[in-house]
Amino acid sequence: GLFGIRALHAMWGATPWCAIGLMSMIPLFLKFFFGQTVNLRRQTVIGMSLLAVTGLDIIPTAASFVTMPLQIQGDMEWWNEQVSSWMDSVLWVPHHVSALIVCLLGFLLLWNARSACWRDRIIALLIAGAAFASACGLSVFVTFTFAVFMAAWLLLTIHEQKWLAAGLLSLSGILAVCFAVPLLKMLLAPSGAGSFATFGIRPFSVLQVLPIVSPLIYQVASLFALPLNYFFELGIFGVVALFRFRDSCRKVLPLSDAEKASWVMILVSLLIATFMQSSMHGNPNDLGWRAFLPFQFITLLWAIPLVESWLYGAAGEATCAPASGPLAIRRSWLVALLVLGLIGTLYQVVCLRTYTIGVEKGKILAPDWLEDDANLGRRQLAIRELYETINQKLPKDIIVQHNPVSRHWTEHLLYNERQRVAAVPGCGANFGGNLRDCVGIIRRVYSFYRIPNSIQDLNSACRALSIDV
């Protein structure tokens with residue numbers, strides 16, 4: 001790699017930069033989107049601190065621990081169709097968060113280009129177009145959600161006859177498509193992965209304990225359970241959005257351009273995450289999970305003045321009301337929601353760092369991609385040391401093949417820096433390619449590990465598949 005930096009190390013090193021980029025978006029949006037200049041430093045610190053606050057997942061997690069103590073999940077988000085905490089998203093899927101960052105940056109540039117000179121507008125257009133194209137390569141789910149928001153905001157600007165803003169949005173979209181043509185051609189190629197998304201109401205895991213057989217009835221039940229579902233998943237940020245919506249309906253909150261754009265982003269994010277699901281075979285509902293990121297970012301910014309009022313307001317007041325608007329909430333409720341959200345994140349971080357130890361000890365339920373093994377740690381270390389030897393001593397152009405249906409495939413993907421014929425069950429066809437072409441190869445490779453073979457047979461099969469090790 002460049003300067004001796006390996007791809008794996010670059011991926012690990014990018015994770016803290018993703019967190020830094022996310023934190024940087026907070027003061028940028030406060031100042032250049034909402035026009036906040038008073039106490040900006042203080043509000044930035046509060047916003048960064050709120051990244052450590054999640055929803056009320058700790059409540060059902062604690063209930064599950066009481067009722068099923070040996071069924072502890074390795075990640076707190078797994079109890080339900082997740083709305084991931086910021087900590088979880090940055091650690092698990094930093095590419096999705098990075099896509100959100102570049103989308104927000106591109107939009108912010110276009111937002112401020114309206115009042116800039118033509119030279120700065122052209123520069124902003126080029127950077128914004130490149131940002132949106134880069135986001136597509138980072139996460140199609142976040143980019144799709146943001147593209148729908150941009151289209152909706154474009155229609156609103158045309159309706160309001162704001163032609164400069166509409167022109168900037170249109171040109172940036174055209175540039176983004178032009179920059180992303182090679183990637184889009186690959187993504188739109190025929191594959192056996194199924195369609196990109198399908199309609200479906202966001203499920204609620206609690207309903208699984210009910211004797212519901214009909215899919216239609218389950219969808220209806222999920223629809224009626226949405227308020228409770230989102231109460232647990234969103235916590236303080238859902239309450240903030242609800243109160244903000246109430247004040248907007250009562251017209252006691254000024255409906256500025258920034259406020260309208262925020263609501264369009266909120267509604268698009270919420271509708272996609274609620275009524276659309278990923279439909280790629282063998283893939284989780286990444287669209288429903290990652291479409292919530294714009295919603296989470298805006299509601300975090302909305303929560304800042306509320307928390308600021310609690311921290312720096314009059315001590316004797318029973319409610320918290322920010323100076324910038326009429327939003328108010330009882331201090332006791334605010335503190336409870338914040339504390340539960342913070343406890344949830346702390347619990348989640350501890351579990352993420354220790355759950356493999358719990359799996360090895362039989363105290364934590366193993367996910368389907370992790371071996372339920374009493375020697376899990378030793379096996380993982382052995383796999384890592386094996387690949388360190390291979391990566392150091394064998395040529396870079398060889399093909400190193402592991403057992404593709406082993407539950408240790410995650411470790412193989414992390415540590416193997418050489419090509420392989422089949423990496424995971426299904427060959428990753430849910431991201432493109434034809435599953436039928438994969439089945440025969442998987443069977444042949446799997447037979448190496450399950451069926452006794454002579455040295456001659458193995459050599460012949462490896463030559464046929466170009467496998468070296």
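In what follows, residues are counted from 1 in the order of the sequence shown.
Between the side chain of S172 and the backbone N or O of A128, no donor-acceptor pair lies under 3.5 Å. For the pair T143 (side chain) and C136 (backbone), a donor-acceptor distance under 3.5 Å is present. In terms of modelled atom types and a separation under 3.5 Å, the side chain of T15 and the main chain of L91 share no donor-acceptor contact. In this structure a side-chain-to-backbone donor-acceptor pair under 3.5 Å is present from T44 to L40. A donor-acceptor pair under 3.5 Å is formed between the side chain of T157 and the backbone N or O of L154. D286 contributes no side-chain N or O that, together with a main-chain N or O of V140, makes up a donor-acceptor pair within less than 3.5 Å.
Other residues, nucleotides and ligands contribute more than 12 heavy atoms inside 6.0 Å of the NZ atom of K162. The number of heavy atoms from other shown groups lying within 6.0 Å of OH (Y218) is above 12. Heavy-atom neighbours of M87 CE from other residues, nucleotides or ligands within 6.0 Å: at or below the threshold of 12. The environment of Q219 atom CD is dense: over 12 non-hydrogen atoms of other residues, nucleotides or ligands sit within 6.0 angstrom.
Nearest heavy-atom pair, L338 versus V53, reported as atom, atom and distance to 0.1 Å: O-CG1, 4.1 Å. Contact detail for L110 and M150: the closest heavy-atom pair is CD1-CE, 3.9 Å. In terms of heavy atoms, G288 sits closest to A273 at O-CB, 3.5 Å. When all heavy atoms of R42 and N39 are compared, the closest pair comes out as NH2-ND2, 2.9 Å. Smallest separation of non-hydrogen atoms from W79 and S205: O-OG, 2.7 Å. Between S278 and N285, the shortest heavy-atom contact is N-OD1, 2.9 Å.
Side-chain contact between L56 and I59 is present, with at least one heavy-atom pair separated by less than 4.5 Å. In this structure, V350 and Y355 have side chains that are not in contact, with every pair of non-hydrogen atoms separated by 4.5 Å or more. With a 4.5 Å cut-off on side-chain heavy atoms, Y415 and E388 do not count as touching. Residues I127 and F132 have side chains not in contact (no heavy-atom distance under 4.5 Å, counting atoms from C-beta outward). Considering only heavy atoms from C-beta on, L293 stays 4.5 Å or farther from S269 through its side chain. The shortest distance between side-chain heavy atoms of S85 and M76 does not fall below 4.5 Å. V148 places a side-chain heavy atom less than 4.5 Å from the side chain of F144. By the 4.5 Å heavy-atom criterion applied to side chains, L300 and I26 are counted as neighbours.
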Are F292 and Y230 close enough, and set up right, to give a ring pair (Phe, Tyr, Trp, His ring centres under 6.0 Å), and what steps lead you there?
CA-CA 11 Å; F292 249 114; Y230 285 148; 5.4 Å; yes

Please walk me through it: do F32 and W111 pass ring pair (Phe, Tyr, Trp, His ring centres under 6.0 Å)?
CA-CA 8 Å; F32 297 107; W111 184 266; over 10 Å; no

Kindly indicate, with the supporting measurements, whether the criterion side-chain hydrogen bond (donor to acceptor under 3.5 Å, both in side chains) is fulfilled by W86 and T54.
CA-CA 7 Å; W86 288 112; T54 186; over 6 Å; no

Going through the distances and angles, do R114 and R121 end up as a side chain to side chain contact (heavy atoms under 4.5 Å, CB included)?
CA-CA 7 Å; R114 300 174 302 169; R121 287 172 185 169; 5.8 Å; no

Evaluate side chain to side chain contact (heavy atoms under 4.5 Å, CB included) for Y347 paired with D57, printing each intermediate quantity in order.
CA-CA 10 Å; Y347 170 82; D57 304 78; over 6 Å; no

Evaluate the criterion side chain to side chain contact (heavy atoms under 4.5 Å, CB included) for residue pair F141 and T145; output intermediate values, then yes/no.
CA-CA 6 Å; F141 304 111; T145 304; 5.7 Å; no

Before you tell me yes or no, could you show the steps for K260 and D257 under salt bridge (charged side-chain N to carboxylate O under 4.0 Å, His left out), namely the whole-Å CA-CA distance, both residues' side-chain angles and the distance that decides it to 0.1 Å?
CA-CA 5 Å; K260 285 188 285 188; D257 286 345; 3.6 Å; yes

Going through the checks in order, is the side chain to side chain contact (heavy atoms under 4.5 Å, CB included) test met by M276 and T198?
CA-CA 6 Å; M276 294 186 69; T198 185; over 6 Å; no

Check against ring pair (Phe, Tyr, Trp, His ring centres under 6.0 Å), F149 and F146:
CA-CA 5 Å; F149 154 68; F146 212 87; 5.2 Å; yes

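Rounded to the nearest 0.5 angstrom, E308 CD and L306 CG are separated by 10.0 Å. With values rounded to the nearest 0.5 angstrom, Q380 atom CD is found 9.5 Å from L414 atom CG. In this structure, the separation between OG1 on T345 and CG on D88 is 9.0 Å, given to the nearest 0.5 Å. The line from OG of S222 to CG of L207 is 5.0 Å long, rounded to the nearest 0.5 Å. With values rounded to the nearest 0.5 angstrom, L267 atom CG is found 11.0 Å from I272 atom CD1. Rounded to the nearest 0.5 angstrom, W289 CH2 and W92 CH2 are separated by 10.0 Å.
Taking a cutoff of 4.0 Å between a charged side-chain nitrogen and a carboxylate oxygen, R384 and E411 do not qualify as a salt bridge. Remark: E417 does not engage K396 in a salt bridge, criterion side-chain N to carboxylate O under 4.0 Å.
The aromatic rings of F29 and F33 sit tilted, their planes meeting at an angle between 30° and 60°.
Across F243, F295, F245, W263, a single residue satisfies ring-ring contact (aromatic ring centres under 6.0 Å, His included) together with W302, and that is W263. Tested against S139 for a side chain to side chain donor-acceptor pair (under 3.5 Å), the candidates R290, H96, H95 yield a single pass: H96.
With no hydrogens or angles considered, a side-chain donor-acceptor pair links E77 and Q348 at under 3.5 Å. Residues N229 and N80 have side chains that bring a donor and an acceptor to within less than 3.5 angstrom of each other.
By the 6.0 Å and 45° rule, R202 does not stack over the aromatic ring of F275.
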